[in-house]
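Report on the following structure.
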Amino acid sequence: MEYLTGIVERITFVNEENGFTVIKIRSRVFSGLVTVVGNLAAVHVGSVLRLKGEWKHDSKYGKQFSAADYRETLPATAAGIEKYLGSGLIKGIGPVYARRIVQYFKEDTLRVIEESPDYLTKVDGIGPKRVEIIKKAWQEQKEIKNVMLFLQSSGVSTAYAVKIYKTYGDESISVVKTNPYRLADDVWGIGFKTADRIARQLGFDKNSYERCRSGIIYTLNELANEGHCYATREQLLAETMEMLELEEGLIQSTLDRMIDENSVILDEDVIYLPPFYFSEAGTARRIKEILAGRTTSPAQVDVERIIAGIRREYGLEYDETQLAAIRTAAVSKFMVLTGGPGTGKTTTTLAIIRVFQKMGRRVLLAAPTGRAARRMAETTGMEAKTIHRLLEYKPSEGYQKNDRNPLECDVLIVDEASMVDVILMYNLLKAVPDRAVVILVGDVDQLPSVGAGNVLKDIIDSGAVSVVRLEKIFRQAQGSMIITNAHRINKGEMPLLKGGRNRDFFFIEEEDPQKVAETIRMLCTHRLPRYFKVNPLQDIQVLCPMQRGETGAQNLNLLLQQSLNPGDVTIKYGGTVFRLHDKVMQIKNNYEKNVFNGDIGTIVQIDREDKTLIISFDGNKVQYDVTELDEVVLAYATTVHKSQGSEYNIVVAPFTMQHYMMLQRNLLYTCLTRAKKAFVLVGTKKAVRIAVSNSKIRQRNTLLAKRLVSPPV
């Protein structure tokens with residue numbers, strides 16, 4: 001081993017996944033900059049490093065020093081300190097403030113920050129508020145560096161070290177040493193595999209109870225991410241055994257102990273994580289209780305007279321199925337109204353609302369997403385809230401509306417109900433008084449919820465509640481090829497692919513994936529904005545069957561970002577460069593920020609000094625620290641699954657054989673029905689034909705339908 005000492009001049013590359021870093025250092029021994037490679041994710045520009053390693057010659061990059069270990073000392077010169085602080089190490093100090101601070105305190109700068117940080121207010125532009133930010137950040141970076149140095153030998157990324165510190169604070173190293181598997185439970189973004197790698201590095205026995213327990217919970221969570229509420233015992237044992245590479249007996253004994261401890265729930269020989277069991281059983285129980293409850297409305301109501309009055313007042317005509325839906329709603333306790341686009345769900349819902357209002361009932365409206373709630377408010381002229389807002393969710397306290405503090409309503413109407421997963425549905429129904437009427441409105445042929453369960457379909461399939469399905473396409477909708485093709489696809493027929501002037505459906509045939517991607521780029525940046533006279537960032541959305549591949553959302557996001565938003569005001573997190581004015585999507589429910597999985601926003605401010613940015617979600621401005629940006633992705637393109645409950649003026653969608661694994665009827669149907677003004681399909685007829693013919697809906701493990709028809713326990 002050899003030693004090399006120098007000052008970090010710049011950081012050329014950092015792999016956030018494993019901490020591999022390429023830096024350039026200046027050493028007194030060499031005339032030019034020296035390239036150093038290794039696990040150096042915790043170092044910053046301006047740091048003075050004493051490195052231990054060996055010289056190697058890379059065929060592409062030439063002579064490099066491969067570092068196996070290093071020690072860091074703080075820079076001693078004013079120039080070095082300025083570079084060190086200006087590197088972004090400390091939140092609240094960027095290049096500008098670094099220069100001012102060092103000009104004032106010279107070589108004493110780091111001692112002042114460490115020992116007397118309140119003196120920083122003597123520097124022009126630094127007030128008490130910024131001093132508090134700097135104090136906190138200085139302390140955090142010291143602690144985070146300790147955590148990083150502890151974890152780096154396990155190949156854990158810088159980003160994960162920050163998350164671990166944010167979760168456990170000064171106890172981070174102690175927690176990781178005691179039970180690293182806690183990371184998979186407590187730290188979002190750290191899965192079982194990362195925790196397992198750390199544990200193995202720390203010498204944990206691969207047969208330990210902690211490892212087996214964490215593996216079982218990980219398997220159940222992965223199944224929940226695929227939409228399943230439970231696993232069969234055989235399925236759970238097989239998948240956990242394969243992942244952990246352990247004998248069945250060890251997994252079985254761990255599972256039995258977890259059942260005894262109520263870490264998991266055994267019911268009818270299937271295994272649930274507790275939240276999914278109590279939500280599924282609770283949803284069934286609440287529906288039965290609501291069905292059994294008595295309404296507070298007068299005993300005799302002339303529904304026909306009310307309907308006739310509404311028809312005269314609004315000049316509307318309803319077909320027999322719509323009238324049946326209105327009548328059914330008026331006499332039901334729990335009802336589902338379903339149907340495809342153009343079948344009059346909105347018109348029928350509006351009539352149902354008016355009937356209840358004429359009956360003197362208090363009606364509340366809700367939807368799972370902000371966009372769906374706004375659309376509901378626009379079409380009804382009434383206030384509509386997201387379910388979370390309706391239930392008055394508070395991050396530290398949970399839902400304020402619940403069984404002890406129910407909603408004040410006689411009727412609750414929920415739109416886009418196919419999006420509601422089993423946990424959210426249970427929390428909603430807990431807050432509904434038994435006397436109330438519940439009406440779920442949604443298109444059951446769309447993709448099911450992103451979260452676990454298939455609630456709307458299960459309720460319909462159970463036969464336990466009244467269901468009305470609207471099927472007739474109204475005359476005003478018949479001229480739309482979007483609506484016509486949506487119904488053709490739903491019936492298993494090929495869509496009409498020949499477009500034309502004044503049409504709203506277009507098909508561009510292209511097989512080569514690179515050309516598909518380039519065609520989509522041209523459509524979004526030039527052809528569609530010019531033809532429809534729209535703003536591409538606001539009015540055009542690319543929807544993909546998958547994330548990966550040349551025609552997947554990830555690659556298309558990079559292409560579209562470069563073309564539509566090539567600005568230089570940026571902030572980087574992991575492998576993603578976020579730019580001012582980027583369109584982004586939240587991919588995790590964040591109750592503290594009041595933003596939810598699937599919400600789309602725009603970056604309206606980036607502060608590189610404070611390492612923060614502000615995203616506007618339809619006017620709701622939310623601040624993110626750079627370490628929170630794993631909750632956000634670019635959203636010029638997104639997956640069809642993430643688009644549920646949203647409508648866009650223009651949708652562009654690639655459907656190619658690269659997407660073979662995801663080509664199914666309800667995915668193409670959902671994709672098409674997101675478009676209001678125009679839909680452009682780019683790909684091959686073969687891919688479209690496969691999707692249309694594949695009506696096999698992947699079954700989700702749920703027992704809700706069965707619970708709804710079983711007698712109460």
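Computed from a predicted model, the values in this text were never measured in an experiment. The first residue in the sequence is number 1, and the count goes up from there. Side-chain atoms are counted along with the backbone in the values below, which use heavy atoms only and exclude waters and symmetry mates.
A donor atom on one side chain and an acceptor atom on the other are not found under 3.5 Å apart for Tyr636 and Gln541. Checked by atom type, the side-chain pair Asn427/Tyr393 shows no donor-acceptor distance below 3.5 Å. For the 3.5 Å distance criterion, the side chains of Glu592 and Asn590 fail to qualify, holding no donor opposite an acceptor. If you check the side chains of Gln446 and Asn666, you find no donor sitting under 3.5 Å from an acceptor. Side-chain polar atoms of Thr702 and Asp458 form a donor-acceptor pair below 3.5 angstrom. Using modelled atom types and a 3.5 Å distance limit, the side chains of Asp196 and Tyr181 yield a donor-acceptor pair.
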Checking side chain to side chain contact (heavy atoms under 4.5 Å, CB included) for the pair Gln547/Thr639: CA distance, chi angles, key distance, verdict? CA-CA 7 Å; Gln547 283 282 0; Thr639 61; 3.8 Å; yes
Residues Asn649, Ile540; criterion side chain to side chain contact (heavy atoms under 4.5 Å, CB included); working and verdict: CA-CA 6 Å; Asn649 281 329; Ile540 301 174; over 6 Å; no
Under the side chain to side chain contact (heavy atoms under 4.5 Å, CB included) rule, what do Leu629 and Thr576 come out as? Steps first, then yes or no, please. CA-CA 9 Å; Leu629 291 181; Thr576 303; over 6 Å; no
Does Glu289 form a salt bridge (charged side-chain N to carboxylate O under 4.0 Å, His left out) with Arg285? I'd like the steps, not just the answer. CA-CA 6 Å; Glu289 289 169 351; Arg285 186 186 73 252; 3.6 Å; yes
Salt bridge (charged side-chain N to carboxylate O under 4.0 Å, His left out) between Arg707 and Asp267, worked out: CA-CA 12 Å; Arg707 293 182 193 280; Asp267 186 60; 2.9 Å; yes
Take Tyr272 and Glu280, measure what side chain to side chain donor-acceptor pair (under 3.5 Å) needs, and give me the verdict at the end. CA-CA 10 Å; Tyr272 288 82; Glu280 187 180 87; 2.5 Å; yes
For the pair Gln235 and Asn701, evaluate side chain to side chain donor-acceptor pair (under 3.5 Å) and give the outcome as yes or no after the intermediate values. CA-CA 11 Å; Gln235 177 186 26; Asn701 291 347; 3.3 Å; yes
How far apart are the C-alpha atoms of Asn405 and Tyr399, what are their side-chain angles, what is the distance that settles it, and do they pass the side chain to side chain donor-acceptor pair (under 3.5 Å) test? CA-CA 10 Å; Asn405 181 29; Tyr399 296 102; over 6 Å; no
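Ring planes of His388 and Phe596: parallel class, angle under 30° (limits at 30 and 60°).
Looking at every heavy atom in both residues, Val465 comes nearest to Phe334 through CB-O, 3.6 Å. Nearest heavy atom pair, residue Leu543 against residue Pro654, reads O-CD, 3.2 Å. Minimum heavy-atom separation, Val652 to Cys524: CG2-SG, 4.3 Å. Of all non-hydrogen atoms in Ala486 and Pro341, the two that sit nearest each other are CB-CG, 3.9 Å. Ala637 and Leu556 make their closest contact through CB-CB, 3.9 Å (heavy atoms, listed as atom of the first residue, atom of the second, distance). Considering every non-hydrogen atom in both Ile520 and Val542, the closest pair reads CG2-CG2, 3.9 Å.
In this structure a side-chain-to-backbone donor-acceptor pair under 3.5 Å is present from Thr338 to Val444. When atom types are taken as modelled, the side chain of Thr380 and the backbone of Met382 share a donor-acceptor pair closer than 3.5 angstrom. Formation of a donor-acceptor pair under 3.5 Å by the Lys394 side chain with backbone atoms of Gln400 is not found in this model. Remark: the backbone N or O of Pro406 is not paired with any side-chain donor or acceptor of Lys430 at under 3.5 angstrom. Listed for the Thr178 side chain is a donor-acceptor partner under 3.5 Å among the backbone atoms of Ser174. Checked by atom type and distance alone, the side chain of Lys583 never pairs as donor or acceptor with a backbone atom of Thr602 at under 3.5 Å. Checked by atom type and distance alone, the side chain of Arg665 never pairs as donor or acceptor with a backbone atom of Asp445 at under 3.5 Å. Counting only distance, with no hydrogens or angles, the side chain of Thr670 and the backbone of Leu667 share no donor-acceptor pair below 3.5 Å. Counting only distance, with no hydrogens or angles, the side chain of Asp410 and the backbone of Arg362 share a donor-acceptor pair below 3.5 Å. Formation of a donor-acceptor pair under 3.5 Å by the Arg286 side chain with backbone atoms of Val432 is found in this model.
For Arg233, the salt bridge (charged side-chain N to carboxylate O under 4.0 Å, His left out) partners two or more places apart in sequence, or in a different chain, are Asp256, Asp269. Not a single salt bridge (charged side-chain N to carboxylate O under 4.0 Å, His left out) links Glu242 to another residue, sequence neighbours left out.
A salt bridge links Lys593 to Glu628: one of the charged nitrogens lies within less than 4.0 Å of a carboxylate oxygen. For the pair Asp625 and Lys611, the salt-bridge criterion is not met [side-chain N within less than 4.0 Å of a carboxylate O]. Under a 4.0 Å N-O distance rule, the pair Lys706/Asp461 does not qualify as a salt bridge.
Rounding to the nearest 0.5 Å gives a distance of 14.0 Å between OH of Tyr230 and CG of Leu273. Rounded to the nearest 0.5 angstrom, Lys457 NZ and Leu704 CG are separated by 11.5 Å. Here Cys409 contributes atom SG and Leu390 contributes atom CG; the two are 7.5 Å apart, rounded to the nearest 0.5 Å. Distance check, rounded to the nearest 0.5 Å: CD of Glu397 to CD of Glu392 gives 11.0 Å. Distance check: Ser616 OG to Gln605 CD gives 11.5 Å after rounding to the nearest 0.5 Å. Separation of atoms CD (Gln561) and OG1 (Thr570) is listed at 9.5 Å; rounding is to 0.5 Å.
Residues Ile413 and Leu364 fail the side-chain proximity criterion, which asks for heavy atoms closer than 4.5 Å. Taking the side chain as every heavy atom from C-beta outward, Val437 and Leu412 never approach each other to under 4.5 Å. Side-chain atoms of Leu255 and Val264, non-hydrogen and from C-beta on, do get closer than 4.5 Å to each other.
In the displayed structure, Lys588 atom NZ is contacted under 6.0 Å by more than 12 heavy atoms of other residues, nucleotides or ligands. Dense packing is recorded around CZ of Arg374, with more than 12 heavy atoms of other residues, nucleotides or ligands lying under 6.0 Å away. The neighbour count for Glu261 CD, taken as heavy atoms of other residues, nucleotides or ligands under 6.0 Å away, is above 12.
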Please set out all donor-acceptor pairs under 3.5 angstrom arising from side-chain atoms of residues 212-221, sequence neighbours excluded.
unit_1	atom_1	unit_2	atom_2	d
Thr219	OG1	Gly215	O	2.9
Thr219	OG1	Thr240	OG1	3.2
Asn221	ND2	Ile217	O	3.3

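None of Lys677, Arg371, Arg375 except one satisfies the salt bridge (charged side-chain N to carboxylate O under 4.0 Å, His left out) rule with Glu647; the exception is Arg375. Across Val626, Ile606, Asp607, a single residue satisfies side chain to side chain contact (heavy atoms under 4.5 Å, CB included) together with Thr612, and that is Asp607.
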